[in-house]
Amino acid sequence: MSALLQLDDVSMSFGGLKVTQEVSFTLQTGDRVGLIGPNGAGKTTLVNLVTGNLNPSSGRILLQGEDVTHTGISHRVRHGLVRTFQITRLFQTLSVADNVALALLQRKGLAMGFLSSATQRPEIRDEWTRILQVTGLESRAYDPVSVLAYGEQRLVEIAMALALKPKVLLLDEPAAGIPHEETHRVLDAIAALPADIAVLMIEHDIDLVFRFASRVLVLANGKLICDGTPDTVAANDEVRSAYLGSYANDRRSA
Amino acid sequence: MITILSIAIDALAFGMVLFIISIGLSVMMGLARVVNLAHGAFAMIGGYIASYMLREAGAGFALSTLVAVLGTIAILMPLEFLLYRRLYRNADAFRQILMTIGLTFFIIGITNTVFGPTSKPIPLPEALSGPLDIGFRMVPAHYVLVIACGAITALGLWFLLDKTQFGTRIRATVDNAAMAESLGIRTEILYAATFALAVGLAAFGGVLGAQLLPIEPYYALRYMVIFLVVVSVGGAGSILGALAASLVLGLASTAGKYMAPEFGDFFFYLTVILVVFIFPHGLLGARK
Amino acid sequence: MTAVPLKVTDLTAGYGPTRIISNVSFEVPAGRKLVVLGRNGVGKTTLLSAVMGLCTQHGGTIALGEEALSGRKTSRRAMMGLGYVPQTRDIFQSLTVEQNLSTGIRAGSDARLDEAYELFPRLAERRRNLGSQLSGGEQQMLSIARTLLGHPSILLLDEPLEGLAPIICDELMSTITELASSRAISIILVEQQIERALVFGEDAIIIERGQIAWEGAVSALRADRDLIETYIGVGIH
Amino acid sequence: MTAIGTTTAAGAPRLPGWVRYEVTAFAVVTALGLIGYLVFPFDLALLTRIIAVTFLVLSLDLVTGYAGVVTLGQAAIFGVAAYAVGNACLAGITDPVMLLGVGIIAGALMGLVSGVLISRFSALPQLVISIAFGQLVAALANKLAQFTGGSDGLAGFAPSAVLGVFEFDIFGRTSFGFSLVVLAVVLALLLRFVQSPFGLMCRGIRDDALRARMIGTAVYPRLIVMYGVSGAVAGVGGALSAINVGVVSLHSVSFEMSAEALVMLVVGGAGHLLGAVFGSILFQIFGHFVGSTNPFHWMTIVGGTLILITLFAPKGLYSAFASAMAKFRKSRVSQ
Amino acid sequence: KVGVIGPMSGPYALFGQNFKWGIDAWVAENGDTVGDHKVEFIFRDEESPDPAKSKALAQELIVKDRVQYLAGTYFTPNAMAAAPLLAQGKVPLVVMNAATSSIVEKSPYIVRTSFTMWQNTVPAAKVAKDMGSDKVAIAVSDYGPGHDARDAFKATFEEMGGEVVEEVNMPLSTTDFGPIMQRIKDSGADTIFTFLPSGPPTLAFVKAYIDNGLKADGIKLLSTGDVVTEPDLPAIGEAGLGILSTYHYAVSHDSPENAAFLEAMKTVGAKPGEVTMTAVAAYDGARLIYEMIEATDGKQDPDTAIEAVKGMSWASPRGPVSIDPQTRHIKQNVYLREVAKEGDTFINKETQTFEAQPDWGLAE
Ligand SMILES: Nc1ncnc2c1ncn2[C@@H]1O[C@H](COP(=O)(O)OP(=O)(O)OP(=O)(O)O)[C@@H](O)[C@H]1O
Ligand SMILES: Nc1ncnc2c1ncn2[C@@H]1O[C@H](COP(=O)(O)OP(=O)(O)OP(=O)(O)O)[C@@H](O)[C@H]1O
Ligand SMILES: [Mg+2]
Ligand SMILES: [Mg+2]
């Protein structure tokens, strides 16, 4: 069986700056992978390359065996590739429920209905209610997204990703802005996903990464410098000096 | 060859007129983020003042232009305070469109009542009126004035907005006024200054462009579409973009009129569509 | 700029007619470090923006030393010494890194861009990039550096660590601690990385549904983890 | 230049049997029309013209208010549909209902074409393309005088009786009745349409097109389809205008017409169908009233009024009205 | 009751204003009663060529205000839109401007007191021939009346053996005429014939003609009177002196009727600098309406009314005129005029008269 997502020697640069340099890795069914690295290492860029927001200058990207290197964004989404944004992007004037419902409708192929009701069809309604419960947003269902606190908007990002039932889910700093003590909501939400999908999470909250991931990729200056279990990564000197800093010590002492 | 050169000269002059008269709008749209459909009305006010100064008060051309620019600013600053101030921060383009269209109507109505519907000439000084022999053909002497003023305006503005702290602060304010305030930037003053700049430029353009776009009450609406097109093709707020757009569109319009006048408008707008397709982010690739 | 205490009394504020925080009172003596904690959406950001004058103040007073801030324009408050790093970073997208930084320097101040580059060398590498072309963490650095260049006497930080690599977080926190003591800056820090906040702060308030639910010394919080669990969430540690 | 109007209440739970909403709208429009008929029996021509323009404003609301495409070229669709109807009528199709069909088809086609061109872009380039598109169509209409009559207008066609029974009369009763029924039907359908998944998705695209793409939506094709629908609505207006007036002139494809429609939409409140209807009716009645009582100061008065509206009802009259109603209701409840 | 539709607002408001002045002048001279019938004029604003709006206005005037006569219409499509209503409403329409020949054919209840492009242009071609022009460049605005002017000139001029070396249709929105002048120059024409609707572009056109050196090269400029309407002359200034035009009325027309007319105009508040031919057309239109009221004794009887004015002739401020019984269009003198300065004011000085010109467009 082919990998869910496979990158072969993907490279890209902005002008002279090589942001992604020959990155290769695969995500298999059921993978829970963390992607860490210093600021500006190229993590978000990598996600953008995978989703099609940016085009690589060389290399290949395979989604469930299909070469999608040159296909459009929405095509990849329809084939199960879903992401969240580091800086939230939501439908600001629509309500939380509408945001989630749109994702649901799109996934179910109902989005071209011209004269049916959008959010209140029973099958849609039940599902967004459930998703909002999981993400703890049920009390805000009818508020327009624009009046939500920033942290709440991040949860809506995740709710929309859930609604799309991804095969491969890319989370760009999903827990940023959520209190440390509440990040379990994010983990809960991910845990509620089917086991056979692959999830890649970018996060600077190392606790969260290490709790979540069975495998961690480390990116620095556009290159993958480490790929292994959390423990091997935490023990890697290069990673510690370039990225983890005091955290590595804390962890050892904990 | 002579024909081509001749078209080029006409194009350059017409392009510069377009530039001079549109650049104020570009400043307003790019730096104060107001889609100011009253720009034409502002230019027209400048034209009326200049015409009055020249014909009734007997002032010279340079003085009249100066008075027109300052006078227009003086007349319109209260509007900044009463109306425009409400438009800067809120990004609702519709509200801006509605208010500025209303203002335009209002100004037209008043002008029409006070000055009557006929056009008001802006006589040029002897040296600048009439034909000028440039060897292979005659051109209107005021071309020289327009081309020179256009070039100077472009340079001056480019310097002011791209190279000075004033320019940086203005653009910071445009991007995010609340944040600029939080850094201690006095946004109201900056906005007022930008408004004054845009209004002054409008008046200046109104006076200098009057040879090709005669001043009359409906001036305010008649040419608005062209101004809007030039600014948008060049990218709002980009000085060099507006210059490039003016020259390209001036050339398209002039060549079109020379070669197939019955399709004049057609070529102009066809060029607009082509340019936008090729440079969707403004002619000089405006940022963002 | 000499340090002065910030005093907030019975502050009620919100957006338009809606009230988000009510009757909040606290004081930050000159040179002290206050941390503000609370769940998502309880009004922490609103509190800071009310102090900056960015949202609607319905009642109460805010005073900087002897001077009342209520009713003053945001830019005036900034000139009086408030420096604000917003949660959403608010980088000027169409300016370069260098220009962004230069907007932070106040008229007549002797601050230099180098100060910022020393603090975040990463920014020096990216000085010609536009704001819109920065990574999330770089934006965060730029936002902090920009405000610091204004040499504020009171610094309001809204989740400044969000999106920063752990090692940068370390450096940033120690730099700010150092600044606080060397320049006697008072600091209000809103932060979700509670561990780091507790190491950093001296006083703390916890906000719940727009009101102060607990206030006291940070040491008390450090000593009593239950407090945090009650107000903020189920501790995992 | 996106994000216009709020749609906060859109997702609020509705009573079961929400279809009643549309039926109510249908009834209300018809009732209002009948009142207009009874109160102003001699102004039916004016009311009829208002209805035709209302379709243009509605169509503009669909693309601008709901899908965030700002256009100043919408009249091109309206006008081409009107010309198509005029030519069809000259060619022998005189049945008004058939002509309406011709208008709808012509409008939808034109809508698709302009959608292909205009919705490719965003922000200012989009506005410019729409202007250029409108001007090109206007220039062509002037050139193709054999189909449009050039600047003299296309005249000399007369539709036959509606359903073979109601002749068009000088009082304009038939025109009015016919237009009113069409308006009620189309409005009811549209009210439903904007609540549909497709309508909601368009609002999503208006808010953030990239986000829409990231949930798997092919944005561009959808905007084109939306333009097609909008074109059909504009086509209804163009058809009614041609049928009722019997002359089609360059004015119907002109920039002025597009701009006026935009002003009416904003006056009413973009992003609400009822706002579009409101704006169209109020603006035209007001304009007519001022024009007939004080034609010489028409511009000053209308201009001043527009400024006042932006000051006191920045989101459009409909929103102002709706929030005033809400307040009123609240104050009654609290008493 | 008479309903008058004219551009009272918008860029053409000057002409609507002239409608009103012309009618007021007539009323001032002749009183507001015909027999024992009081005549009341109601004005409505047509603003732009918008037939839908005009039709609604006409309809409103007929059914609501119950007018017995309609008058005015500046724009052709607006007149066309009103035409079908006339028979149904039993209301005659006196066209006071709209100048397309075919309007009078749209309804038997239409009479016209203004002019047509053909009527004014045919003499222009004759003038050109008389001046010794061989090669003419035609530059007209690209719309109906412009096309009429072009066709009329070309047909007449070529019939007389002249050559048209260049035809330029200029978009109505043109204000930059430099390239067009260049093109005309390149064509080797010795005379330009032009028509543009009165308004700001006419000024720019004349300026471009001078500034690009065509005047200096001895190329003559000939136009219809629309290019040099009296209100525009001061703006053109000295530069315009000597421009030739053919038209059916000049404010400077030397006759007792015109003097009386201008006097009456003053009493109703017209500014001397703003009088145009539309006022005369309205003045004469009012005369026709009075005649019709008298003939029908105030009853609504369009057939009798129209019959009464067919063949009618009188001395108008513009000279002797009559209504052609076949076409119901006005037959009038067309004058060749030259821009001249008299004291401080610029005038169109009449230098030649073409007598009793019919509408050549219908005569064809
Ligand atoms: N459009 C662009 N043009 C030029 N440089 C860019 C552009 N976008 C990003 N960069 C640069 O590319 C580098 C990688 O950015 P990226 O956003 O991928 O970092 P990241 O690993 O996600 O960092 P962070 O953890 O801070 O979010 C950064 O240094 C950034 O400045
Ligand atoms: N612009 C706004 N208009 C109306 N309500 C708002 C606005 N911004 C925030 N709110 C509301 O104010 C409340 C408090 O928001 P605030 O941003 O202060 O929370 P916070 O404590 O900073 O949360 P977080 O940790 O998620 O950043 C929230 O319920 C939010 O919905
Ligand atoms: Mg990132
Ligand atoms: Mg916050």
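Keep in mind that what you see is a predicted model, and the values were worked out from it rather than measured. The chains referred to below are lettered A, B, ... by the order of the sequence lines, with proteins before strands, and numbering in each begins at 1.
Considering only heavy-atom pairs separated by less than 4.5 Å from chain A, the leading option among C/Arg126, C/Glu125, C/Glu191 is C/Arg126. Comparing C/Ala165, C/Cys169, C/Gly136 by how many heavy-atom pairs each has under 4.5 Å with chain A, the most go to C/Ala165. No other option in C/Arg122, C/Glu138, C/Glu159, C/Gln139 has as many heavy-atom pairs under 4.5 Å with chain A as C/Arg122. Contact tally against chain A (heavy-atom pairs below 4.5 Å) for C/Gly163, C/Gly41, C/Ser135: the top residue is C/Gly163.
Contact annotation for A/Arg154: only side-chain heavy atoms (C-beta onward) come within less than 4.5 Å of a heavy atom of chain C. For C/Thr46, no part lies under 4.5 angstrom from a heavy atom of chain A. Only the side chain of A/Leu17 comes within contact range of chain C, judged by heavy atoms closer than 4.5 Å. Neither the backbone nor the side chain of C/Gln140 comes within contact range of chain A; no heavy atom of the residue lies under 4.5 Å from a heavy atom of that chain.
The residues C/Asp158 and C/Lys44 are annotated as not salt-bridged, no charged nitrogen and carboxylate oxygen being separated by less than 4.0 angstrom. In summary, A/Glu152 and A/Arg140 engage in a salt bridge, as defined by a charged side-chain N under 4.0 Å from a carboxylate O.
For the 3.5 Å distance criterion, the side chains of A/Thr51 and A/Asn53 qualify, holding a donor opposite an acceptor. A/Glu138 and A/Gln133 share no side-chain donor-acceptor pair at under 3.5 Å.
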Discussion item. Could you walk me through whether C/Glu162 and C/Arg89 satisfy the salt bridge (Lys or Arg N to Asp or Glu O under 4.0 Å) test, starting with their C-alpha distance in whole Å, then the side-chain angles of each, then the deciding distance to 0.1 Å, before giving a yes or no?
Written reply: CA-CA 10 Å; C/Glu162 183 195 320; C/Arg89 299 164 189 148; 3.5 Å; yes
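Using the six-membered ring where Trp is involved, A/His204 and A/Tyr243 have ring planes that are tilted, between 30° and 60° apart.
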